[in-house]
Amino acid sequence: MSIPFITAEEAAALIKNGDNIGLSGFTASGTPKVVTVALAERAQKSHENGEEFKINLYTGASTNDHVDGELSRANAINMRTPYQSHKDCRNRVNNHDIHYFDSHLSHVSQDLRYGFFGDIDVAIIEATEMSPNGDVILGAGLGMSPTLAHMAKKVIIEYSSYYHNSFRGFHDNYVPMDPPHRREIPIYKPSDRIGDTVLHIDPKKIVGVVPSNASESIKPFTSPDELTQKIGDNICEFLVHELRAGRIPKEFLPIQSGVGNVANAVLYGLGENPEIPQFEMYTEVIQDAVMTLMEEGKCRFASTCALTFSDDAMLHFMDNIDFFRDKIVMRPGEISNSPEVVRRLGLIAMNTALEADIFGNVNSTHVLGTKMMNGIGGSADFSRNAYLSIFSCPSIQKGGKISTIVPMVSHLDHSEHSVKILATEQGVADLRGKSPIQRAQTIIENCVHPDYKQLMWDYLKLTEGKGFHTQHSLKDAFAFHQAFMETGDMHNASYK
């Protein structure tokens with residue numbers, strides 16, 4: 001059958017107020033870039049005419065300014081999940097203009113199939129190649145594309161001509177059966193392939209193809225500074241120590257690494273350390289550092305959900321794409337983040353905390369416990385099931401006015417049961433096999449900034465000898481946060 005080419009405006013006109021919209025991609029990679037802009041313009045005009053127009057938006061992860069930026073500025077999103085990182089979207093979320101519910105990334109595809117959120121009315125999927133029978137080659141990010149293509153009543157294809165080489169062969173499209181028919185996911189090493197390189201879409205669903213030539217618009221992460229370098233060095237030294245002690249096998253274990261400057265610093269550190277052997281990755285995103293490590297021969301293979309490369313790095317990747325064809329596979333988010341596979345492969349999981357407390361609980365999402373930053377993403381998919389779960393953060397923020405290590409986290413995303421290792425630029429706290437008071441002592445001694453150590457010891461003394469297993473004083477637990485809200489400086493907390 002013939003599938004028509006249509007404009008972005010014509011595509012946007014097919015979407016109705018209240019529709020559930022699903023998008024391809026994971027981070028900015030593979031995310032639509034032109035239809036959503038036209039949709040925002042349509043919403044803006046509707047609002048100017050006094051008409052209500054909002055959609056419910058389901059994505060693989062964070063997106064880009066073409067999606068969360070444009071749609072948020074037009075106040076065109078009613079409900080949003082599972083992850084966002086754009087300042088305009090964040091403002092709408094915290095002002096309740098967007099009803100945002102935070103989800104583990106590995107859960108959303110299956111929750112959609114289970115019918116928890118209703119139908120998908122329209123899926124917008126970026127493709128880099130397409131045949132008349134509906135078979136498409138996806139782009140630099142996979143996300144929830146296979147589930148969305150199957151569930152959607154209508155599919156709009158954004159056909160990207162930006163990439164000058166083919167992504168054919170990089171994808172591994174696979175959807176597990178739903179209970180009670182689900183079987184094991186047959187991945188036993190990161191390089192195993194279990195699905196199709198092509199995404200099959202029923203051509204009768206495809207209502208149009210919209211041309212696009214936009215890049216992912218991903219800015220490069222800054223080079224490691226002294227602070228992030230020190231955190232990276234501390235984690236690398238810890239991993240080398242574990243390798244020497246035989247607690248990490250001599251072949252090493254696959255790495256999962258979150259997004260950001262600290263993650264890049266750790267990866268570069270692993271690459272430079274002669275005691276770390278060649279390794280593989282089983283992760284949700286790979287960044288510029290991974291491409292460098294592959295070219296240097298340190299990273300042998302990476303399984304991922306997206307190529308979150310900066311625009312310059314992506315151009316380099318495309319120029320050398322044949323080198324990477326047997327070194328990278330892209331999977332759906334529910335597979336890249338599958339707790340089953342994470343547990344089986346024995347990953348070393350490295351993620352970032354907004355704040356942690358002295359007993360090993362981690363807050364990844366809420367500033368001062370109230371304002372959503374980005375979301376939990378896939379960190380808990382990995383941390384709860386990893387061989388080693390490592391969380392890192394600087395010990396202080398805002399010139400020392402905030403201690404990121406506090407007596408009690410203001411919001412809980414990862415409990416003490418999922419956090420094995422905590423690292424700051426001050427050092428590393430190994431929490432394995434320790435009671436609450438031992439964890440507190442280890443974290444204070446190794447991870448807390450010197451400016452805040454005495455305050456932490458003073459806090460513990462409040463309940464000393466009172467028969468508490470976890471030594472919390474409920475009336476004093478948030479004194480750090482209270483001091484910051486009242487004076488702008490956590491140093492003004494007091495337990496005297």
Side-chain angles (χ1 to χ4, degrees), residues 11-12 14-33 35-37 39-40 43 53-64 66-72 74-86 89-90 92-93 97-127 138-139 141-158 173 175-176 178 199 201 205 207 284 305-306 331-337 372 374-378 381:
L14 298 171
I15 296 171
K16 302 188 298 294
N17 176 51
D19 274 355
N20 287 340
I21 307 301
L23 304 185
S24 65
F26 195 92
T27 67
S29 302
T31 302
K33 302 168 182 68
V35 175
T36 50
V37 175
L39 189 62
F53 191 94
K54 282 191 172 187
I55 61 167
N56 302 313
L57 189 60
Y58 299 88
T59 64
S62 58
T63 61
N64 49 34
H66 303 295
V67 178
D68 278 327
E70 293 278 359
L71 292 172
S72 296
N75 199 14
I77 304 174
N78 171 56
M79 188 285 300
R80 176 81 173 84
T81 199
Y83 187 82
Q84 51 75 43
S85 62
H86 194 285
C89 187
R90 184 182 304 129
R92 292 284 189 189
V93 165
D97 296 322
I98 295 174
H99 299 293
Y100 174 73
F101 66 92
D102 202 11
S103 299
H104 303 299
L105 297 186
S106 70
H107 288 197
V108 183
S109 288
Q110 67 179 23
D111 287 352
L112 282 168
R113 294 196 305 272
Y114 295 168
F116 294 170
F117 311 135
D119 297 332
I120 293 295
D121 296 297
V122 181
I124 309 172
I125 295 176
E126 183 184 81
L138 297 168
L142 213 156
M144 298 195 295
S145 298
T147 290
L148 295 175
H150 173 72
M151 287 188 63
K153 298 173 184 176
K154 299 176 183 177
V155 175
I156 297 168
I157 300 294
E158 272 202 17
N173 294 288
V175 177
D178 290 332
L199 178 61
I201 304 176
K205 290 184 176 184
V207 295
E284 57 186 355
C305 188
R331 311 184 193 274
E334 65 179 317
I335 305 302
S336 68
N337 292 39
M372 170 59 70
N374 299 325
I376 195 169
D381 295 329

Practice item. Check step by step if side-chain contact (heavy atoms from CB on, under 4.5 Å) holds for Thr63 and Leu71. Key: CA-CA 11 Å; Thr63 61; Leu71 292 172; over 6 Å; no

Practice item. Report the distance from atom CD1 of Ile201 to atom CG of Leu199, rounding to the nearest 0.5 Å. Key: 4.5 Å

Point to revise | Partners meeting ring-ring contact (aromatic ring centres under 6.0 Å, His included) with His150 (sequence neighbours left out) | key: none

Review point. Residues in side chain to side chain donor-acceptor pair (under 3.5 Å) with Ser72, at least two apart?
Key: none

Study note, to complete from the structure: Checking Val155, Leu148, Ile21, Thr147 against Ile120 for side chain to side chain contact (heavy atoms under 4.5 Å, CB included), the one that qualifies is Leu148

Check your understanding: Can Phe101 and Met79 be said to form a side-chain contact (heavy atoms from CB on, under 4.5 Å), step by step?
Key -> CA-CA 8 Å; Phe101 66 92; Met79 188 285 300; 3.1 Å; yes

Review point. Is Lys33 paired with Glu126 through a side-chain N to carboxylate O contact shorter than 4.0 Å?
Key: yes

Exercise for review: Could you walk me through whether Leu112 and Met151 pass the side-chain contact (heavy atoms from CB on, under 4.5 Å) test, one step at a time?
Suggested key: CA-CA 8 Å; Leu112 282 168; Met151 287 188 63; 3.8 Å; yes

Practice item. Examine the side chains of Asn78 and Asn56 and answer whether a donor and an acceptor come within less than 3.5 Å of each other. Key: yes

Check your understanding: What pairs with Asp119 under side chain to side chain contact (heavy atoms under 4.5 Å, CB included), at least two apart in sequence or on another chain?
Key -> Lys153

Practice item. Would you sort out whether Leu142 and Phe26 count as a side-chain contact (heavy atoms from CB on, under 4.5 Å), showing the intermediate values? Key: CA-CA 6 Å; Leu142 213 156; Phe26 195 92; over 6 Å; no

Revision key, fill the gap. Distance col, row Ser336:OG vs Arg331:CZ, nearest 0.5 angstrom, shows 8.5 Å

